[in-house]
Amino acid sequence: MKFLETLGRYCILMGKVFSRPEKWGIYYRRTIAELDQLGVGSMALTAIISVFIGAVITIQMAITLDTPFIPQMMIGYATKETMILEFSSTVIAIILAGKVGSNIASEIGTMRITEQIDALEIMGVNSAAYLILPKIIATMIFFPFLAAFSMIVGMFGGFLVARMGVMLPSDYIDGLLYYFDSYEITYSLVKMTVFAFLITSISGFYGYYAKGNSLEVGRASTTAVVVSSIMIMIFNLLLTQLMR
Amino acid sequence: MIKCENIFKSFEGRTVLNDISVTFETGKTNLIIGRSGSGKTVLLKTLVGLHEPDEGEIYFDDTCYTKLSFKQRKAIRKDIGMIFQGGALIDASTVYENVKLPLDLFTEQSEAEKRERVEFCLERVELSHAPHLYPSELSGGMIKRAAIARAIVLNPRYLFCDEPNSGLDPQTSIVIDNLIQSITREYNITTIINTHDMNSVMEIGEKIVYIHTGYKWWEGTKEDILYADNKELNDFVFASAMAKRARGK
Ligand SMILES: Nc1ncnc2c1ncn2[C@@H]1O[C@H](COP(=O)(O)OP(=O)(O)OP(=O)(O)O)[C@@H](O)[C@H]1O
Ligand SMILES: [Mg+2]
């Protein structure tokens, strides 16, 4: 019952967010700012995590596949597939839910409890659209790019440990180039676009309806991260069934 | 003139406003006073349409605000300026951007025209030196003044102020009070101010409404208030030593 009520309120809020904006110019400028803050601002974290995970996967695969029956290049191939299919979209999305989701929920939640949202409403602004829409657009544009970035950096991480002597770098490169299916990348980027929408809209929702004091804002931002992470998992399953 | 008739408002079954009818006059500083939690903020937010009243009508001059559609309300919102209890400046924007925002939203002016208007308003509240600062870099009084500048930038016909001088020292309070009063007279605005500060009441209370536990308990002028025959109002008024002395004289 509680779930249906929350879902209903979420849908009503999304209706407000996607109603026709009054003035495009303002939204354009805010979207550019959000691209920088939410998108570019997440590149460093994405790079660090991806390079280490790419390295670790390569080491693990090198240990697991250490038999004469499997060609060494399969290590590179396995690293590539893990990165492209799941890590760079789903796992990076979960990490971004933690970083970007909590940021959005606490920012909007603070604006709610300090009456900044009321102030916007008084100025005749559709505050839901004004605050949430630029973030949704910015993340849906930029997160797929982050996923692609993560794939490349992750494979580079694998290459680094290969160079350090885990395996022959040339075998690793052969593995990366072996059986290249561009649909896998499309699949991963589409998933990331959906995840971006989930993270931003859910976090925006919990922030927008925050009330009370800073404790409640903290709670709202925790809820936002938990719920977006669960939704990412559910949609990951659904999309995988649908697209593969 | 702003008039409300028989306003009721409750939250989750708890009634906060009980049958409030008041007329607030144009060109005057109308004060709503009452203890903390008596319902002042809720009344103010109901008047501007941030809360929907459960019952009752609100008139802005001759227009019945409560009957308007969302679109029609927007036209009136353009004439409303509001100063919130905590200032409610947008944290992510500088003072200049905060004051400019209503112009961006409501007008088609060029950047140069907007700059001129913003600079004029900042000068009016003596903030010409601080347009580039962010709200976190301002003192309490500066926040209030920036909020006033933002509220008057569109030349409002109605000005709502929720405790404009709470948390300020007495001198700064008087500066803010006088600023609001002079703007009110200069542009013939209908101004409504929430306060629990007796200094403000005696300084600028041209019309005073006392709210007690969600009821309109008393209304009158600052001349009457010291001699009113009303226990709760007297308790409120004479809780401050200054008012006691004034009555003693
Ligand atoms: N959104 C809300 N939901 C539920 N109850 C509310 C809400 N807003 C206000 N109230 C309740 O209404 C009552 C009046 O609150 P209000 O904020 O109007 O007081 P106030 O007179 O402005 O007090 P103060 O001088 O401290 O600002 C309080 O008891 C408060 O708990
Ligand atoms: Mg209040």
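B/F84 has its side chain out of reach of A/T114: every pair of non-hydrogen atoms, C-beta onward, lies at least 4.5 Å apart. Looking only at side-chain heavy atoms (C-beta outward), B/L89 and A/Q116 stay at 4.5 Å or farther from each other. No side-chain heavy atom of B/D91 sits under 4.5 Å from any side-chain heavy atom of A/M111.
More than 12 heavy-atom neighbours from other residues, nucleotides or ligands sit within 6.0 angstrom of CG on A/N213. Atom OH of B/Y187 sits in a crowded spot, with more than 12 heavy atoms from other residues, nucleotides or ligands closer than 6.0 Å. Enclosure of atom CD in A/E216 by more than 12 non-hydrogen atoms of other residues, nucleotides or ligands within 6.0 angstrom is indicated. In this structure, B/K45 places its NZ atom where more than 12 heavy-atom neighbours from other residues, nucleotides or ligands lie under 6.0 Å away. Residue-environment remark: CZ (A/F235) stays at or below the threshold of 12 foreign heavy atoms within 6.0 Å. B/E113 CD: more than 12 foreign heavy atoms inside a 6.0 Å radius. Enclosure of atom CD in B/E186 by more than 12 non-hydrogen atoms of other residues, nucleotides or ligands within 6.0 angstrom is indicated. The 12-atom threshold is exceeded at CD of B/Q72, counting heavy atoms of other residues, nucleotides or ligands nearer than 6.0 Å.
Smallest separation of non-hydrogen atoms from A/A119 and B/A88: CB-O, 3.9 Å.
The candidate from B/L50, B/V48, B/L154 with the greatest count of non-hydrogen atom pairs under 4.5 Å with chain A is B/L50. In terms of heavy-atom pairs under 4.5 Å with chain A, the best-connected choice from B/I80, B/L101, B/D162 is B/L101.
To the nearest 0.5 Å, atom CE of residue A/M123 and atom CG of residue B/D104 are 10.5 Å apart. The CD1 atom of B/I83 sits 12.5 Å away from the CD atom of A/E115 when rounded to the nearest 0.5 Å.
Proximity to chain A (any heavy atom under 4.5 Å) is shown, for B/K78, by neither the backbone nor the side chain. Heavy-atom distances place no part of B/R73 under 4.5 Å from chain A, backbone and side chain included. Residue contact with chain A, scored on non-hydrogen atoms closer than 4.5 Å, involves the backbone and the side chain of B/L105 alike. Contact of A/I117 with chain B is not made at all, since no heavy-atom distance falls under 4.5 Å. Contact of A/I122 with chain B is made through backbone and side chain together, with heavy-atom distances under 4.5 Å.
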Worked check of side-chain contact (heavy atoms from CB on, under 4.5 Å) between A/D118 and B/M82
CA-CA 10 Å; A/D118 284 338; B/M82 181 151 179; over 6 Å; no
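Remark: side-chain polar atoms of B/R77 are paired, donor with acceptor, to backbone N or O of A/E121 under 3.5 angstrom.
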